[in-house]
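Working notes, structure below.
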Amino acid sequence: MAHPHDAPLVPTDRDPLLDGLNEPQREAVLHRGPALLIVAGAGSGKTRVLTHRIASLLRSREAWPSQILAITFTNKAAGEMRERVEELVGEQAKGMWISTFHSACVRILRREAEQFGFTKAFTIYDSGDVRALMKRLVKEHEADAYGLTPASTQARISMLKNELQDADAYARQANMTDPAERVFVEIFQDYTRRLRQANAFDFDDLLAQTVYLFRAFPQVADVYRRRFRHILVDEYQDTNHAQYQLIRELTKPASGEGVDVGDGMIALIPDAAEAGASLTVVGDSDQSIYAFRGADIRNITEFERDFPGARVVLLEQNYRSSQNILDAANAVISNNFDRKDKKLWTDQGAGHTVIGFTGYSQHDEAQFVADEIESLRSSSVGYDDIAVFYRTNSQSRALEEIFIRSAIPYRIMGGTKFYDRAEIKDALAYLVAVVNPADEMAVRRILNKPKRGIGAVTETNIARFAADNDLTFRDALAHAGEIGLGPKQQKVLDHLDAVLREAQEILLPASGDDAPPSAVAEGMQVLLNRSGYLDALRQSQDPQDEARVENLDELVAVTREFARNNPDGTVIDFLTEVALVADSDNLDDASGTVSLMTLHTAKGLEFDTVFLTGVEEDLIPHRISAGEPGGPQEERRLFYVGITRARQRLFLSLAMTRAQFGEVSVAMPSRFLQEIPAGLVDWRQSPGDVNSRGGMRSRALNATAPRENRWGVKPLEPSRSKASLAEFTNRVTGKVRDNGDLELDPGDRIRHDDFGEGVVDAITGQGAKRIAHVRFDSAGAKKLLIKVAPIEKL
DNA sequence: ATACAGTCGATTTTT
DNA sequence: TCGACTGTAT
């Protein structure tokens with residue numbers, strides 16, 4: 001592809017870093033300047049461009065590895081990027097910072113914590129920890145009387161922190177005549193105080209406090225400004241305000257002789273200023289899906305205004321998907337107003353048509369997915385080339401059930417995390433109690449785990465004693481005898497204190513020597529064994545506790561693994577990794593399994609075959625999004641992200657009924673389906689089919705008055721546009737099946753249009769939601785919504 | 001202090 | 001449906 005007249009921007013003609021890149025990609029790799037925005041459509045090779053750009057900087061000696069900071073959205077993406085850069089430049093890649101915003105901030109904060117009243121052993125609170133603390137605060141402030149819940153308070157504080165509002169700043173402009181507002185402010189302030197006392201940061205603090213640090217201590221900021229000369233940010237469309245400000249801080253020229261003009265602003269003495277770091281951001285506003293947690297799409301849409309002199313490069317050629325898939329994606333996303341028109345294209349040809357399917361229930365839908373997977377299998381598609389997406393985690397259940405029954409190997413990405421399990425959190429709390437004794441939450445957590453006979457009363461007494469004597473909660477444990485507790489409690493606390501000390505000697509030797517790499521595993525085992533935690537689990541009757549013991553064994557194995565990978569790693573490093581690294585990097589053993597995940601998790605991934613399930617109103621777009629400004633648009637982007645993950649085959653499926661919270665409800669086809677041109681979708685079973693047979697009247701069809709046969713159902717008669725529509729809808733509404741008065745009892749035999757004959761096992765539910773549990777002679781056990789199922793009594 | 005039962009309630013996405 | 005939480009009995 002290297003035509004001589006392609007105006008190489010550097011005087012090399014056969015450059016391995018540029019080989020196979022199209023023109024905009026080359027430009028993105030080679031452009032040099034203060035700011036570069038790479039607008040990278042889905043599948044346009046942005047990771048390739050980013051890695052080649054980094055390699056290009058290194059190879060030309062424009063930058064040392066240590067001068068490069070590359071930010072990705074997930075740890076997994078960071079790992080992959082590092083790997084790919086390593087492939088290009090080798091060992092050099094080691095010195096670069098390639099990490100998430102959060103990891104980078106932790107690294108900075110650990111180094112600088114002493115500057116502002118924290119220690120480097122600070123704890124990182126995840127949302128569960130925050131929830132626990134918030135629960136306590138809401139209770140203490142009796143805030144429930146004002147309609148504040150722990151969850152709402154937590155969400156609000158998180159949002160404010162993302163906007164870099166701290167408690168005091170917020171208090172100054174809050175409407176304090178509103179009692180609810182006043183209580184909220186008090187909780188916010190109290191929360192901030194508690195975190196500080198606990199030597200802890202929550203997730204949002206990691207970003208916000210780093211920005212604060214940079215603003216309050218310009219000389220600290222300068223260290224990093226001088227260090228990082230090239231900053232690259234992936235997924236820029238999903239950055240929030242705090243992240244944006246962090247980037248701004250880092251790309252400012254080092255102030256050197258800067259003069260503090262107040263308000264955190266630094267005036268520069270021009271001669272002393274070096275140039276700010278060069279900034280490269282990559283993103284696609286059509287793939288912005290995290291506005292709900294504070295991502296601000298304006299960061300990318302207004303980039304050119306924010307960084308004058310920025311160059312913009314557009315990558316529109318798609319190397320991933322077939323044209324049919326891209327057409328579907330383009331058609332959907334073009335319904336979002338307020339966006340720059342951008343059309344993905346490929347030279348790979350039309351490919352397979354999109355396949356649609358409508359099931360009666362989510363089980364029916366799942367069965368379809370399973371059947372299709374098996375048939376793809378027989379045409380030698382590997383399981384690991386297949387992914388199944390859904391909007392909400394709960395939808396995975398039905399799929400799992402069917403997959404297990406069909407013996408399809410699968411794994412669920414995301415979902416309940418290993419580190420979220422109670423026993424794991426307990427074990428980690430033990431570590432934290434040793435490493436960061438100021439963390440009262442951690443100490444309280446382990447206080448009565450295992451059960452030691454310490455209840456709320458004793459806990460309160462300890463806390464009071466600590467407050468009266470100006471001790472930390474942890475240190476109060478060492479004075480159990482003075483608190484005035486019963487002998488049993490005293491003894492138990494003395495023991496706990498001794499165990500913590502013992503572990504402390506292993507993890508943080510008093511001699512000041514560095515603990516050996518094996519210390520984490522050893523300390524962990526001492527804590528779990530000597531505290532009696534493991535014994536309690538082993539003696540338990542609960543079969544689940546057996547699994548918990550195994551999980552803890554696994555955790556110890558993780559610590560060993562950590563020591564192997566990080567010979568210099570400390571407990572603190574271990575705890576950081578655990579707090580920040582979701583276990584999504586268990587990606588390596590992806591071999592031979594179908595991947596199940598939410599649409600959000602799917603971002604940044606790609607698969608040969610994609611099943612996008614549950615394409616229903618109230619699911620995608622999700623019901624809750626309807627009320628939020630920009631909600632439906634974000635849902636459309638989410639749908640778009642899902643579509644564009646597919647390389648060759650895309651399946652869209654939905655169900656006409658869906659059980660939620662144990663209630664069966666009627667589902668309507670998603671509006672997004674109608675946005676895909678009918679010709680692109682080959683409906684194996686369209687919503688119309690199910691309607692006509694199932695007799696359910698689709699409100700979606702009526703409400704939106706389709707101008708044509710939206711579902712691509714092959715018409716029985718030649719289509720006559722309006723006339724055929726009338727007939728179509730008439731046919732649907734004219735034959736509404738309503739079995740409302742059908743009396744069924746256990747033992748009755750019935751016939752189902754699809755499943756054949758069977759016997760009723762049980763009837764549950766009331767009125768219109770009565771459900772028959774039927775054992776079909778050949779189709780197995782099914783649950784049917786009696787009112788609408790295509791059944792008759794025999 | 002703890003175990004258990006029963007009610008209640010709330011159900012999106014996640015670094 | 002399922003899990004968290006509350007109240008009661010031991």
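Each chain gets a letter, A, B and so on, in the order the sequences are listed, and its residues count up from 1. The structure presented is a predicted model; accordingly, all values stated were derived computationally and were not measured.
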A/Y244 versus A/R248, side-chain donor and acceptor atoms under 3.5 Å: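 A/Y244 and A/R248 do have a side-chain donor-acceptor pair below 3.5 Å.
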
Looking only at side chains, do A/N436 and A/T123 share a donor and an acceptor under 3.5 Å apart?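 Yes, a side-chain donor-acceptor pair sits under 3.5 Å.
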
With heavy-atom distances below 4.5 Å as the criterion, would you say the side chains of A/V332 and A/F639 are in contact? yes

Can you check the [X] [atom1] to [N] [atom2] distance for me, whole Å?
| X | N | atom1 | atom2 | value |
| --- | --- | --- | --- | --- |
| A/E401 | C/dT1 | CD | C1' | 12 Å |
| A/Q154 | B/dT14 | CD | P | 15 Å |
| A/K449 | B/dA1 | NZ | C1' | 15 Å |
| A/E634 | B/dT14 | CD | C1' | 12 Å |
| A/L638 | B/dT13 | CG | P | 11 Å |
| A/D234 | B/dT15 | CG | P | 15 Å |
| A/D202 | B/dT14 | CG | P | 19 Å |
| A/Q395 | C/dT1 | CD | C1' | 15 Å |

Centroid-centroid distance, A/H600 to A/Y290, less than 6.0 Å: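 Between A/H600 and A/Y290, the centre distance is under 6.0 Å.
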
For nucleotides 3-8 of chain C, print each protein N/O atom paired with a nucleotide N/O atom at under 3.5 Å, atom names and distance only.
| from | atom 1 | to | atom 2 | distance (Å) |
| --- | --- | --- | --- | --- |
| C/dC5 | OP1 | A/K135 | NZ | 2.6 |

Contacts of type side-chain contact (heavy atoms from CB on, under 4.5 Å), residue A/K449, not counting sequence neighbours: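 With neighbours one apart ignored, the set is A/D426, A/R445, A/Y533.
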
By side-chain contact (heavy atoms from CB on, under 4.5 Å), which residues pair with A/I624, not counting sequence neighbours?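 A/I624 satisfies side-chain contact (heavy atoms from CB on, under 4.5 Å) with A/H622, A/E628 only.
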
Provide a list of protein-nucleic acid N or O atom pairs under 3.5 angstrom, restricted to nucleotides 9-12 of chain B.
| from | atom 1 | to | atom 2 | distance (Å) |
| --- | --- | --- | --- | --- |
| B/dT12 | O2 | A/R391 | NH2 | 2.5 |
| B/dT12 | O4 | A/E628 | OE2 | 3.2 |

A/T100 side-chain proximity, nearest of B/dT13, B/dA1, B/dT15: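 Shortest atom-to-atom distance from the side chain points to B/dT15.
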
Residue A/N448, side-chain atoms from C-beta onward, closest of B/dT15, B/dT2, B/dT13: B/dT2

Assess whether a salt bridge exists between A/R156 and A/E163, defined as any Lys/Arg side-chain N lying under 4.0 Å from an Asp/Glu carboxylate O. no

Inspect the contact between A/K491 and A/D494 and indicate whether a charged nitrogen and a carboxylate oxygen are less than 4.0 angstrom apart.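 Result for this pair is no, no salt bridge flagged.
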
Using a cut-off of strictly less than 4.0 Å, decide whether A/S127 has a side-chain nitrogen or oxygen near OP1 or OP2 of B/dT14.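 No, outside the criterion.
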
Verify the contact: side-chain N or O of A/T458 to OP1 or OP2 of B/dA1, cut-off strictly under 4.0 Å; return yes or no. yes

Have a look at A/I454 and say if it touches a base, only the backbone sugar-phosphate, or nothing, with a 4.0 Å heavy-atom cut-off. sugar-phosphate

Check every strand shown and say whether A/Y290 touches a base, only sugar-phosphate, or nothing at a heavy-atom separation below 4.0 Å.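 Result for A/Y290 = sugar-phosphate.
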
Output yes if the stacking criterion (under 5.5 Å between centres, under 30° between planes) is met for A/F101 over the base of B/dT15, else no.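 No; by the centre-distance and plane-angle rule, A/F101 does not count as stacking on B/dT15.
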
Quick one: list whatever passes salt bridge (Lys or Arg N to Asp or Glu O under 4.0 Å) with A/E112, sequence neighbours left out.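 In terms of salt bridge (Lys or Arg N to Asp or Glu O under 4.0 Å), with neighbours along the sequence ignored, A/E112 is linked to no residue.
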
Tell me which of A/R293 and A/A456 sits closer to the 5' end of DNA chain B, going by the nucleotide each one is nearest to. A/A456

Let me spell it out: for each of A/V457 and A/Q243, pick the nucleotide of DNA chain B with the closest heavy atom. Which residue's pick is nearer the 5' end? A/V457

For residues 200-207 of chain A, which side-chain donor-acceptor pairs fall under 3.5 Å, sequence neighbours excluded?
| from | atom 1 | to | atom 2 | distance (Å) |
| --- | --- | --- | --- | --- |
| A/D202 | OD1 | A/D204 | N | 3.0 |
| A/D202 | OD1 | A/D205 | N | 2.7 |
| A/D202 | OD2 | A/K161 | NZ | 2.8 |
| A/D202 | OD2 | A/Y191 | OH | 2.7 |
| A/D204 | OD1 | A/N162 | ND2 | 3.3 |
| A/D204 | OD2 | A/S158 | OG | 2.9 |
| A/D205 | OD1 | A/K161 | NZ | 2.9 |
| A/D205 | OD2 | A/K161 | NZ | 3.2 |
| A/D205 | OD2 | A/D202 | N | 3.3 |

Please give the distance between the P atoms of B/dT12 and C/dC5 as a whole number of Å.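 After rounding to an integer number of Å, I get 16 Å for this pair.
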
